[in-house]
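Written below as structure tokens is the structure these notes are about.
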Amino acid sequence: MKIPAFSYHRPESLDEALGLLRDHGDDAKVLAGGQSLLPIMALRLGRPEHLIDIGRLPGLASITVDGRGKVIIGALVRHAAAEGSTDIAGHAPLVSEALPHVGHTAIRTRGTVCGSIAHADPAAELPAVALATDAIMVAESSDGVRHIRASDFFEGYLQTALRPDELLTEVRFPPWPDNTGAAVSEVSRRHGDFAMMGVACTISVADEITAAALSFFGADSIPIRATEAEQSLVGRQPDGDAFDDAAKIVMSTLQPGADLHASAAHRRHLAGVVTRRALAEATSRIGAMA
Amino acid sequence: MTLAGDTLTISVTVNGETTELTVETRRMLSDVIRDDLGLTGTHLGCEHGVCGACTILLDGRPARSCLMLAAQADGSEITTIEGLASTDGTMHPVQQAMHDSHGFQCAFCASGFMLTTVALLAAEPKPSRERIRRELSGNLCRCTGYQSIIDGVETAVALIDTEGSDR
Ligand SMILES: Cc1cc2nc3c(=O)[nH]c(=O)nc-3n(C[C@H](O)[C@H](O)[C@H](O)COP(=O)(O)OP(=O)(O)OC[C@H]3O[C@@H](n4cnc5c(N)ncnc54)[C@H](O)[C@@H]3O)c2cc1C
């Protein structure tokens, strides 16, 4: 279908954009890459009265690494630009691992990293990556700036801690720890489809496993960490036994739902599969990244 | 200053020609390409980004023209299927290869597949069959079962290689 009518605004500065959000917040939507918002409107699942196109705002399209190794990705960084960034590959490798799984090349031409996080689709890769790496979301409004931790950011199905008058101006990924590998493993019907089950995983090893993150997408109404399974890995050797045990815990603690694409039992099975695959892959990449 | 209103005058370069158009801000780029510019080779299937029939090249990269407001395309360079052949009518190697290997049947999906292929081969002149499959996974065909299309891409790779030109 053609999208429902709306008032279009194309601000030229961040202040103008924040002013528009203050005035129209509840009835407005930010338009970034449009790769989620426009399909929603075409399917008439959403009818915002105002669209605030942030596509021309200056200064938001940059990827920077600060002196400590923190990676800052601005609101207008497209998936495609992030995918090709050696800074991200070197300092936030879990993001690089996730991007090829996000839709198709044509979607990544337009879609933005921040848009994906703000949209908070529970089956999307990047929200789970943000949760796995303890990323910080920077939210700006005409009232000021808030820094929101990933663990506080995702509140429900397509619901985040962002207020209607706030713009997500950047996402910050903390410095990548030493001896840490990253992997994203997922199962979907076709390459580029949303995952039936997937996990964004990091593992740190020094003699033994010192830390692990298992952040699932397609498993619940928000991205979700399997903390019990993560803790079970600490102090063990990074081998098949440890990974099997973690997978068993994942399968008994996650409570995935059922839909057209997969039953709950099938999803639980897949959760075990992707856990084992991701842990092995992430372990094999330790040292290969920095 | 914030631009706002029901219409917007945009400037786009389509297949090498720069035009100014006044468009309703609500309209999609795909509709403007088809209805205002008369370039009906860009097809509309699902109109929500899934089928890939409306794929164009936006500043050289594949993009869904049904998932972009025409207003968002202001200032960009667009290639549609009509822009692939040379002005003398010689087909682009990707078009020639698809023709030679009977890549398509009804061909409703053809423009999207060929533009996606052109972008793939520009980035990666000799992709593996697996890579081709991956890259074309965002384009749907309901006739062929895809084998002939992937054969066509491989034919294009060979054709470009022997011609020594990728235009
Ligand atoms: C065919 C298809 C397949 C896809 N497959 C996948 C997939 O496998 N995995 C995946 O993760 N995604 C997938 N996507 C979605 C894609 O990744 C989107 O690009 C992304 O979810 C949204 O980014 P965007 O910039 O396009 O945001 P938009 O569509 O512009 O916006 C999405 C939502 O976020 C809000 N928003 C956007 N930016 C901001 C901001 N800076 N501040 C505040 N709010 C903001 C908007 O108001 C809107 O509510 C797919 C999309 C399509 C069409």
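Throughout, a chain's letter reflects where its sequence line sits, starting with A, and its residues are numbered from 1.
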Legend entry - A/Lys2 atom NZ, over 12 foreign heavy atoms within 6.0 Å: yes
Legend entry - chain B contact via A/Ser7 - side chain, backbone, both or neither, heavy atoms under 4.5 Å: neither
Legend entry - Distance in Å, A/Arg10 CZ paired with B/Leu8 CG, rounded so as to fall on 0.5 Å steps: 5.0 Å
Legend entry - Interatomic spacing from CG in A/Asp53 to CG in B/Leu69 - rounded to 0.5 Å: 7.0 Å
Legend entry - For chain A, which residues of residues 33-53 of chain B have heavy atoms nearer than 4.5 angstrom: B/Leu44, B/Glu47, B/His48, B/Gly49
Inset, instruction - Output the option from A/Ser13, A/Gly34, A/Ala5, A/Pro100 having the highest count of non-hydrogen pairs under 4.5 Å with chain B. - result: A/Ala5
Inset, instruction - With chain A as the partner chain, list the residues of residues 138-148 of chain B whose heavy atoms fall under 4.5 Å from it, by residue number, and write 'none' if nothing qualifies. - result: B/Gly138, B/Leu140
Inset, instruction - Considering only heavy atoms and a distance below 4.5 Å, find which of B/Leu120, B/Asp74, B/Asp31 pairs most often with chain A. - result: B/Asp74
Legend entry - Engaged part of A/His191 at the chain B interface, taking heavy atoms whose separation is under 4.5 Å: both
Inset, instruction - Rounded to the nearest 0.5 Å, what's the gap from CD on B/Glu24 to OH on A/Tyr8? Could you check? - result: 14.0 Å
Legend entry - Any B/Met28 side-chain heavy atom under 4.5 Å of A/Leu38 side chain: yes
Legend entry - Between A/Thr105, A/Ile52, A/Leu43, the one whose heavy-atom pairs under 4.5 Å with chain B are most numerous: A/Thr105
Legend entry - Interface moiety of A/Leu20 toward chain B, non-hydrogen atoms closer than 4.5 Å: side chain
Legend entry - Spacing of B/Gln72 atom CD and A/Arg56 atom CZ [to the nearest 0.5 Å]: 9.0 Å
Inset, instruction - Please flag which part of A/Ile107 lies under 4.5 Å from any non-hydrogen atom of chain B: side chain, backbone, both or neither. - result: side chain
Inset, instruction - Could you list which of residues 54-68 of chain B have a heavy atom closer than 4.5 Å to any heavy atom of chain A, in residue-number order? - result: B/Leu58, B/Arg61, B/Pro62, B/Ala63, B/Arg64, B/Leu67, B/Met68
Legend entry - Any residue of residues 116-127 of chain A which, by heavy atoms, sits under 4.5 Å from chain B: none
Legend entry - Contacting moiety of B/Ala119, where chain A heavy atoms sit under 4.5 Å: neither
Inset, instruction - Identify which of B/Arg134, B/Arg133, B/Glu135 forms the greatest number of heavy-atom pairs closer than 4.5 Å to chain A. - result: B/Arg134
Inset, instruction - Calculate, to the nearest 0.5 Å, the distance between atoms CD1 and CZ belonging to A/Ile3 and B/Arg26 respectively. - result: 7.0 Å
Inset, instruction - With a 4.5 angstrom heavy-atom cut-off, could you sort out which part of A/Leu31 is near chain B: side chain, backbone, both or neither? - result: side chain
